[in-house]
Amino acid sequence: MSVDREAIVVLNAGSSSVKFCTFIRSGTLLERGVRGQVSGLGTRPQLSARRGEALIEDRVLQEGPLSHRDALDLLVRFLQRELDGARILGVGHRVVHGGLEFMAPTVVDAATLERLERYVPLAPLHQPHNLAAIRLLLERLPGVPEVACFDTAFHRTIPEVAQLFALPQRFAAAGVRRYGFHGLSYEYVASVLPSLDARAAAGRTVAFHLGNGSSMCAMHAGRSVATTMGFTAVEGLPMGTRSGSLDPGVLLFLFDEMGLGVREVERLLYHESGLLGMSGISSDMRELLASDAPAARLAIDVFTYRARRELGSLAAALGGLDAVVFTAGIGENQAEVRARICADSAWLGVELDPDANRRHGPRISSARSRVSAWVVPTDEETMIARHVLRVLG
Ligand code: ADP
C-alpha cells in the first residue's frame with residue numbers, strides 16, 4: 001500500500017445507473033484506473049468494472065431494486081478498496097444543468113447545492129440524481145472536495161441571439177431559453193483539435209456527438225457559438241429514443257385532439273420516439289444498419305437527413321466551415337453513417353477518403369477536401385478529471 005499516491009474519482013449518477021472512473025495522478029498526467037458502472041438500479045442492480053480491458057468485477061448485487069443511496073454507499077466502499085490507500089484529491093461529478101450562472105466547474109458546498117436545486121425543474125430526469133450523489137459523497141467523504149462539472153457550461157459562450165426563443169421576454173427571464181448539452185464532450189473535442197488541425201481549431205468547426213443522445217455543436221476558435229439541443233436534451237436531432245425537434249403545434253394536437261396526458265407525451269418524446277419509434281425495431285443504430293426492413297432504412301434516412309440539415313444551419317451560424325468532427329458511439333464507430341452525412345454535405349466542401357473513413361480516421365477527409373473531417377473518440381471522464389485538477393489548483 002502506498003501513502004503518497006493521489007487519485008481523482010469521476011461519477012456520473014443517472015436515473016438507473018451510476019457510472020464511475022478513477023484516475024491516478026502522476027505529476028500533471030492522469031492515468032486511468034478502474035471504470036465501470038452500477039446499472040439496473042430499478043430492476044436488477046449489477047456492478048461491473050474494468051481495469052484497462054480486463055473485467056475485474058461483474059456481479060448482480062441483488063434481485064430487485066436498489067436505492068441510489070445504497071448503490072453509492074456500495075460504490076464508495078468498492079472504490080476505496082480499488083484505490084488501495086491512494087488519497088482521493090477530489091470527486092468530479094457530471095451535472096447536467098448549471099443554468100446561466102455556472103459557467104465553469106465549481107467546488108460544491110451546502111449553499112451551492114441549494115443553488116443547483118433550482119435547476120431541477122429544467123432537468124427533472126437527471127439533475128436530482130446528480131445532486132443526490134454529491135450530497136451523499138459530502139457526507140461519506142468529509143474533507144474531500146466535490147466538484148460539479150456541467151454539461152451546459154461549455155455553451156455559455158453562445159450569443160444571446162442564438163439562446164432566445166421567440167416568446168414574450170418574461171419566459172426567457174423565467175429560464176425558458178436554449179442552454180445546450182453534451183458540453184463536456186465538445187470541450188474534450190475542442191481540447192484535442194489543435195493537435196489535429198490548427199487551422200480548424202482557430203477557425204470554424206462543427207462537432208457531431210452521435211450516441212444514444214445526439215447533438216451537434218458549432219465552435220469558433222474552440223468556443224461554442226450554437227448547438228442543436230436547447231432548453232432540454234430533446235431538441236435537435238432525432239436520437240435513439242428521443243424525437244428531436246418537433247413543430248410545437250404537434251404537442252398541442254397530442255394534448256387536444258389525441259387526448260394524451262403530460263406524462264404520456266413526456267414518455268413519447270423521451271423514450272418511444274427517435275430511431276426506435278420510427279423503425280419500430282430498435283434504438284440501436286447497429287441493429288438498424290444490419291436490418292433490411294424498410295422501416296429501419298427510413299429511420300436511418302431521417303437521422304442522416306436531419307444531421308445534414310443541421311450541418312447547413314450550424315455552418316450558416318458560423319459563416320463558413322473549416323472542419324467537421326465525429327464523436328460518441330455512432331460518430332466514432334459507424335463509417336456508413338458518417339459517409340452518408342458527408343456525401344450529402346459535399347456542397348459545403350466536405351470530401352471523405354473512403355478508406356480512411358472505414359479505418360475510423362483520425363483524419364477521414366481526402367487530401368483535397370476543403371473542409372477537413374475527423375473522428376475523435378470522446379472522453380468526458382478525462383475532461384472532468386482535468387477540471388477537478390484545475391479547480392483544486
Ligand atoms: P450513450 O449516448 O448512451 O453514451 P453511445 O455513445 O455508446 O451511447 O452510443 C450508442 C449508439 O452508438 C448506438 O446506436 C450504437 O449502435 C452505437 N455504437 C456504440 N458502440 C458501437 C460500436 N462499437 N460499433 C458500432 N456502433 C456502436
Side-chain angles (χ1 to χ4, degrees), residues 10-21 35-41 46 48 50 53 55 94-96 123 125-126 129-130 149 151 180-189 207-217 227-229 232-244 270-291 293 295-304 306-307 325-341 357-362 364 375-384:
V10 172
L11 288 184
N12 180 1
S15 58
S16 69
S17 72
V18 182
K19 296 185 179 141
F20 59 87
C21 185
R35 73 186 301 193
Q37 60 178 333
V38 184
S39 56
L41 288 180
Q46 205 160 342
S48 61
R50 287 179 183 273
E53 290 307 307
L55 194 62
R94 182 170 176 187
V95 176
V96 65
L125 304 182
H126 295 100
H129 302 297
N130 303 157
C149 301
D151 263 327
F181 300 90
H182 287 143
L184 292 157
S185 175
Y186 293 126
E187 193 177 8
Y188 180 79
V189 167
F208 294 71
H209 178 111
L210 307 179
N212 274 319
S214 292
S215 71
M216 294 163 60
C217 177
T227 187
T228 59
M229 280 180 174
T232 65
V234 81
E235 199 194 6
L237 298 173
M239 311 180 204
T241 63
R242 282 173 251 170
S243 62
Y270 281 89
H271 301 296
E272 298 170 356
S273 298
L275 297 175
L276 174 67
M278 285 187 291
S279 69
I281 295 172
S282 172
S283 64
D284 192 307
M285 188 63 99
R286 267 173 297 206
E287 285 182 44
L288 299 185
L289 286 168
S291 165
R297 298 314 297 176
L298 188 69
I300 299 169
D301 288 349
V302 172
F303 181 84
T304 52
R306 291 308 317 182
V325 180
F326 290 90
T327 194
I330 296 171
E332 291 166 28
N333 298 296
Q334 289 175 355
E336 182 178 339
V337 173
R338 291 192 302 256
R340 287 189 53 176
I341 294 171
N357 186 39
R358 267 191 295 277
R359 290 193 304 270
H360 306 301
I364 57 172
V375 174
V376 175
T378 195
D379 192 346
E380 289 147 306
E381 290 135 356
T382 291
M383 201 63 237
I384 292 173

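Indexing begins at 1, ligand by ligand and atom by atom, following the structure's order.
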A.B. asks: Side chains of Tyr188 and Thr327: closer than 4.5 Å at any heavy-atom pair?
C.D. replies: no
A.B. asks: With distance as the sole test, does Ser291 use its side chain to make a donor-acceptor pair with the main-chain N or O of Glu287 at under 3.5 Å?
C.D. replies: no
A.B. asks: Sequence neighbours excluded, which residues qualify as salt bridge (charged side-chain N to carboxylate O under 4.0 Å, His left out) partners of Arg306?
C.D. replies: none
A.B. asks: Could you tell me how the ring of His182 sits relative to the ring of His209: parallel (under 30°), tilted (30 to 60°) or perpendicular (over 60°)?
C.D. replies: parallel
A.B. asks: Determine yes or no for a side-chain-to-main-chain donor-acceptor pair under 3.5 angstrom, with Thr227 supplying the side chain and Met216 the backbone.
C.D. replies: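 Flag set: sc Thr227 to bb Met216 pair under 3.5 Å.
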A.B. asks: Any donor-acceptor pair under 3.5 Å linking the side-chain atoms of Ser243 with those of Ser273?
C.D. replies: no
A.B. asks: I'd like the contact residues of ligand 1, where contact means a heavy atom below 4.0 Å.
C.D. replies: Gly211, Asn212, Gly213, Asp284, Met285, Arg286, Ala328, Gly329, Ile330, Asn333, Gln334
